[in-house]
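Take a look at the structure set out below.
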Amino acid sequence: MDFILYEADGAVATITINRPKALNALNSQVLDELDKTLDAIDLDTIRCVILTGAGDKSFVAGADIGEMSTLTKAEGEAFGKKGNDVFRKLETLPIPVIAAVNGFALGGGCEISMSCDIRICSENAMFGQPEAGLGITPGFGGTQRLARTVGVGMAKQLIYTARNIKADEAYRIGLVNAVYPQEELMEQAKKMAATIAKNAPIAVRNCKKAINDGLQVDIDQAIVIEEKLFGDCFETEDQKAGMGNFLAPKDQKVKVVPFKNC
Ligand code: CAA
């Protein structure tokens with residue numbers, strides 16, 4: 001891979017978009033490599049993924065403007081689909097993904113962060129959908145996910161004005177969950193990932209699926225989705241281990257249950 005770094009450390013994997021000369025902008029090759037990387041994650045071992053960008057200036061500065069500049073209508077639509085397919089794969093990865101946003105998250109960069117389950121960022125992060133200023137619409141899910149993440153009114157304002165916002169404003173509108181000094185960002189992301197990885201993996205996966213699938217349907221159908229995924233947890237070894245530990249005599253309890261993902 002030329003543009004993607006993948007590192008597994010126990011149950012946590014880190015994917016780094018590594019094209020710092022172009023501020024980690026997403027061209028077709030980056031998207032293809034990211035797609036392959038997602039396919040190759042060992043889901044038996046890895047329980048949480050962190051997505052970040054190489055360097056300390058940019059997470060992802062958007063889709064590659066040079067590559068897009070000469071596209072025809074049909075090619076533009078195909079490029080949108082290419083990005084959307086990869087981002088949807090990321091969004092529906094069975095395990096949680098934390099975006100550690102370490103700088104610019106513009107256009108496709110903001111969009112890829114919104115395909116992750118959780119966003120945290122460094123103090124120098126900047127978010128935005130500058131596409132309207134470039135003569136296009138956000139094309140990798142921005143018109144859909146921004147509205148779902150920060151509400152319709154705020155999403156419309158950000159997209160129509162093409163105004164970039166700093167980390168503190170992103171935090172205020174709920175686009176990120178927390179802001180850290182740059183040097184602490186990865187440590188905090190790893191800490192959160194380790195906390196998630198400690199919990200029962202099947203339960204965590206089912207929580208992700210229940211939330212994601214439930215948000216696509218009305219509340220009556222959503223509750224049924226939850227019931228099914230709740231029921232699925234019973235009779236797993238992890239459920240026996242988790243509840244068994246709670247019910248065990250105090251002197252036999254363990255602090256961290258060794259969940260086996262089965
Ligand atoms: N595409 C291609 N190249 C990019 C890029 C992008 N999105 N963003 C930055 N680069 C390149 C620059 O062209 C430059 O390359 P050279 O050194 O070869 O000239 C290099 O990265 C460094 O960038 P700058 O010199 O511009 O760095 P800066 O610090 O002065 O500015 C910036 C940083 C404000 C992020 C500026 O680079 C910028 O505005 N980038 C574009 C941001 C943008 O508009 N993103 C949205 C793209 S459209 C999109 O994403 C569509 C979609 O929804 C799918």
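When a ligand or atom number is given, it counts from 1 through the structure's own listing order.
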ask   = Got a second to check how far Arg119's CZ is from Leu175's CG, nearest 0.5 Å?
value = 6.0 Å
ask   = Name the residues in contact with ligand 1, where contact means a heavy atom under 4.0 Å away: which are they?
value = Lys21, Ala22, Leu23, Ala25, Lys57, Ala61, Gly62, Ala63, Asp64, Ile65, Met68, Phe104, Leu106, Gly107, Gly108, Glu111, Pro130, Glu131, Leu134, Ile136, Pro138, Gly139, Phe140
ask   = Taking atom types as modelled and ignoring hydrogens, do the side chains of Ser122 and Asn124 form a donor-acceptor contact shorter than 3.5 angstrom?
value = yes
request  = Show your reasoning for whether side chain to side chain contact (heavy atoms under 4.5 Å, CB included) applies to Phe59 and Cys121.
outcome  = CA-CA 9 Å; Phe59 172 67; Cys121 75; over 6 Å; no
ask   = Looking at residues at least two apart in the chain, or sitting in another chain, which of them share a salt bridge (charged side-chain N to carboxylate O under 4.0 Å, His left out) with Glu131?
value = none
message = Please determine whether salt bridge (Lys or Arg N to Asp or Glu O under 4.0 Å) holds for the pair Glu187 and Lys190, giving the CA-CA distance in whole Å, both sets of side-chain angles, and the decisive distance to 0.1 Å.
response = CA-CA 5 Å; Glu187 182 192 322; Lys190 285 180 183 171; over 6 Å; no
ask   = Do Ile223 and Ile219 come close enough that some side-chain heavy atom pair is under 4.5 Å?
value = yes
